Structure formats: structure tokens, C-alpha cells
Amino acid sequence: MQKEVIIVIGGGITGLTVALELAQLGKHPLVVERGPLLGGRSASLPCKATDRCLKCNNCLVEDTLRQIKYDSPFEFMTHTTISDIRREAESWYVTLETGPFFIDWEKCTDCGACYEACARLGASGVVRGASINQHPFFGIDQKACSCLQKGADPACVKECPEGAINILTRPQTRQVKAHGIVVATGYTPYVPPEKNRFGYGRLPNVITTQEADEMLRESGAVTRPSDGRVPQRVAFVQCVGSRDRRIGREYCSRICCGYSLRLALHMIHKYPDVDITIFYMDIQNFGKDFEKYYSEVKDKAKLVRGLPGDFYALDEGKISVSYFSEEQQKNVAQPFDLVLLTIGLSPQEENPDLANMLGLGINEDGFLRPSQADASAVVVAGTARGPMDVAECICDAKSAAFKMANFLEGS
Amino acid sequence: MNSESGKHRVRAKLETRAQELTERLELQSVRSCYICRTCTSSCPVTFIDPRFNPLAILRMVLYGKIEEVLNSDFLWLCTSCYSCQERCPQEIPIADIMTKLKNKAFKLGNAPVGVRAQMDIIKKAGRTYPLDDFDNKKRAKAGLPELPTSCDVVKTLFESETESLK
């Protein structure tokens, strides 16, 4: 019998979970990831536990990555994009483009010689994963490669003891016949525009939660970018990049409220002196045990209903934040050491093209929507469908794998 | 007729009146407000005088208290700086609403004395700050060209404008 290949687009937590489930059901998933590493954005999410688990579920990503690293249950391709999809009768003909730079993960032993060679040249062409469970742990960012820009032979290729780094003059193409496609292309984090009232990009101590995540993952603490010190007064600004008609994002991103409450509790546990203020318009409680964290934060931090207006620079990298104080019934300006913008989830820019190729729809928020006519041959899962957290992504991925398996058995 | 039902009838009448007024002034967009308070925290006037609160005014309009807004003095504190309108995530034209409310209040004769005095000055001189020969002497000393002391063209424009406001 011919192998029933299912193309899984996207190697984030959703795509990997779908592939794992399908592999366990005896199918043959092929994960296609355009970036250099597996795990996607979820791999850089940190654990936010205090003295107990806050159930942010980010460790589930580690479990999945570990399983893939040690069992290699399915085939995957990194540095790979889809250039063409054709449908003929019951099957899809997908053209994949790999490279021109890529690390052969079957040869790579994650020794790090390439990373060191690149760092010696002062470049950042070789990127490193965020989790030790990621394999491949290293990848190549073509745009940041200084050797290629100078026209020199890349240093990493010579340094690799296994000869795992491939550099080709043009991308390698491969055509795959697939019986089904799972779309798990995920989201893009919202980046405030150049001119924004929060001072993001202008004031060094105004950062997004994505940057805070990376910091927490890298060094274990959220510190001030300007001097590396632990902040005394921290402001969280909710709903940046969601629920705003002005930027075309009228939906709630769902994950941000839970995110801020957990990070606030984590910071208070680590530095009991820290003074946290959360500015919000509504606290949207999605997920299990949410109310418990909410009431805990209400005791330990200050929750201010209403988004702040102006952000001005003060001495020593401090930021003056003005807001309407309910107790005083007037506008007040308060200094903060660090401002965290809780950014929302945005749809991927490529969604319209992908929808065109696969015959999917786009919902009013810009996320992908399975078409009614042909819902089972193409399944959309995870944040490609709309905002959701890690646990919801895993649930959605499992149901998507089940749907796909059902479809394959039926045909 | 007992007094309870009479009260109800009066209240119902007042509510319909407020609703009618809101619709006539095209203020229905206030319904999409979700109280994020960006307008109030961005307002430079609220910093100085907390009696002026854009969100509170929008809420009063929404809850049928439009006549109280029209009779108030705080409405006239708005400087039309448009900070609220620029930042409102629901794109409610807050500053334009304030202008509409001020125009209506003026028609009802609720404008403060200062505003009326200002209007009279413009009517007479065509400027908020009338010029005379003394000012032109000072300008000549500073090497600046002479300016006309009266602006009759503005006056005629103004007449037609007050007609339409009545």
C-alpha cells in the first residue's frame, strides 16, 4: 500500500502535536517549517512558576520537543517553504523549497562548533534554540550571515566536524504527493508602530511581553534593558494590539490577561518588594483556575481599570505614566521603572496567499477559516485559526489530527 | 390618576426626549464605547480640572442625561485638542461630539458669559483680540507692517452663522 503522506505546515507546538498524534495513528506526517528550528514561538516561552505551578502549560512544549528529539517519530524539514500546491483528484502535489542554507539534522550532533565560529567573526548568522530539547539546536539565519554578504566561504561549514552544514547555490526543490494538509502556521506577535503613544522604540524601558519572555528564558529574571537592574515599580499595559478598531484588530487576544497575572505573580514571588500596577480595560478570564490567580493578584498588586494616556521619559530611565485614578477621581502621573506592553496575537501576513492556494476562507479578524465545501482534506489548527494559548493549541492539534485520521480512513 | 404612574409617565417622556435629542445630534456612536478610559487619561483638561471627564460625558449621553450635559458648565472646558478622538480604540469622534453638544447648548442659551463676550468681540472687531492704532504704532516700532483695525467681511460671515444657529 502506498504511504499516505500528510503535509503539516508549521513546526510550532500545534504542528508538532498534530504530527505526533498522526504518527501514533500509523500515518506519515511531514512537518514543513520555514524557520531553522522546531518549536516555533512556543519554544521560547518561559516557565512562570512561583513556589507552585501556575499552570501556564509552557512545559508541555518541552515534553513534546523531548519526545521528538529522542524518538524521531516523523519526518520534518526545516528551512523549507512551500512554493506551489496543486490539487489533482484526491491528492495534493506540494512543491517544497529547502535552503539554500540548512543544517542536516540527521548528521548534526548539536556540538555548537558552528555557533562559536560564527560568534568569533562577530556575526549572528548561526542561531541557537531556546530549549535544550530542541533538535536541531542550531540553525542558520541567511539574512544575518556576514560571510555570504562579504562573498567569503562561511566559517561554520569548515568548523562543523560532522559536515552537516549544507550550502547550496540555489534552493533544493522536492515534490511531494500528499493526501491531506494540516495548516498550523501560527501567528505573528503585534509590534507597535513607529509612532505610538507608549514610547515603544523610543524609551528603552518600555518593552513588549515577548521581549520579557525572552529575557526570562535567557537570564531567569525580567530586568530593565537600560541598566540591567531589577525594576522596583512595574506597569503592565493590557490590550496593546488587540481590541482596537484603529489598527484593524477588533478581537480579544485571549491569552494576555492570564499572561500578565501569571508574570505579575512570578515577579512578586521572586522580588517581594516589587510594586506592580496592571492597567486594563476588562479582565477576560479564559482558562482553568483563572479566578484564583485574579483574586491573588488583586491582593498583591494594584489593578487599575483604564488604559494610560501619555508616556514621558524621566531621569534614570524612568517613565512617567498618566492615568485616571478612580480613588482620587482625577488624572495622575506616576513614575515607573519598567513598562510592559502586553501585546496581542496577529494573523500571519501570508494568510491570504495560503487561503488562496488551499481554498480556505479568511475570517473577519484575518485568521484562517476552513472552507465549508472541503473541510476535511485541509484542516486548520492552532493559532492560525484564532488566538489561543499553549494548552488550547495542543487540544486543537489533537482534534485536528483526529479529524485528519478520520478523513483518511473514510477515503 | 395616582402620583406613581404620573411619575413614570414624566420619566418616560424625559427618556424619549433625551433619546430623540441623541439621535438628532447623531451621537449614536457613543454606544460602541467599552470604557477603556483612554480618552480621560489622555485629556489635558482632566489633569487640571477633574470636573471635565470625556468618558463621564459620553456615559451621561448614553444614559439619557444629555440635558444635564447641555445645562452644565464643565462641557465648555473642552479645548478641542482631539487627543481623545485620536486615541479612541473604538473610533468614536469624541471631540466632534463635544463640539455638537456645545453648539446645541449655545442654541439653548446655555453658553457661559465668557463665550458670549468672546462672540460679541468677534462680531464687532472680527477678532478675539481687537486691534487699534496703539497696536499698529507698536508694530511699526518693531518694523512690522500695519494691520487693518476692523474686519467687516468677517462680520457679515458671522451674521449668517448666528442666523443658522438660532
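Nothing here was measured: the structure is a model prediction, and the numbers come from that model. Naming: A, B, ... by sequence-line order, numbering from 1 per chain.
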Go through the atoms of A:Arg249 and report whether side chain, backbone, both or neither lie under 4.5 Å from a heavy atom of chain B.
neither

Got a sec: does the NZ of B:Lys100 have more than 12 other heavy atoms crowding it under 6.0 Å?
yes

Looking at A:Arg229, I'd like to know if its CZ atom is crowded, meaning that more than 12 non-hydrogen atoms belonging to other residues, nucleotides or ligands lie closer than 6.0 Å.
no

Provide the closest heavy-atom pair for A:Asp244 versus B:Tyr34 in the form atom of the first, atom of the second, distance.
N-OH, 4.2 Å

Most contact-rich option vs chain A, by heavy-atom pairs under 4.5 angstrom, among B:Asn53, B:Thr46, B:Asp49, B:Ile48, is B:Thr46

Sub-3.5 Å donor-acceptor pair from the side chain of B:Ser41 to the main-chain atoms of A:Leu307, do we have one?
yes

Need one label for B:Ser83: side chain, backbone, both or neither, based on atoms under 4.5 Å from any heavy atom in chain A.
neither

For B:Thr38 and A:Arg197, the nearest pair of non-hydrogen atoms, with its separation, is CG2-NH2, 3.4 Å

Tell me if a side-chain donor or acceptor on B:Arg87 pairs with a main-chain N or O of A:Gly309 at a distance below 3.5 Å.
yes

Quick check for you: among A:Cys239, A:Ser325, A:Ser322, which has the greatest number of heavy-atom pairs under 4.5 Å with chain B?
A:Ser322

Step through the shown structure and confirm whether more than 12 heavy atoms of other residues, nucleotides or ligands are within 6.0 Å of CG on A:Asp315.
no

Does atom NZ of B:Lys65 have more than 12 heavy-atom neighbours, drawn from other residues, nucleotides or ligands, at distances under 6.0 Å?
no

A:Arg245 vs B:Ser32, test: side chain to side chain contact (heavy atoms under 4.5 Å, CB included). Steps then yes/no.
CA-CA 11 Å; A:Arg245 204 176 272 185; B:Ser32 55; 4.2 Å; yes

With heavy-atom distances below 4.5 Å as the criterion, would you say the side chains of A:Arg243 and B:Cys36 are in contact?
no

Does the cation-pi check pass for B:Arg37 over A:Tyr323, that is, NZ or CZ under 6.0 Å from the six-membered ring centre and within 45° of its axis?
no

Around atom CD of B:Gln28, are there more than 12 heavy atoms from other residues, nucleotides or ligands closer than 6.0 Å?
yes

Donor-acceptor under 3.5 Å (A:Asn331 side chain, B:Ser42 main chain):
no

So CZ of A:Arg246 and CD of B:Gln90: to nearest 0.5 Å the spacing works out to 10.0 Å

Please name the pair of heavy atoms, one in A:Phe324 and one in B:Thr40, separated by the smallest distance, quoted to 0.1 Å.
CD1-CG2, 3.3 Å

CD (B:Glu91) with more than 12 external heavy atoms under 6.0 Å
yes

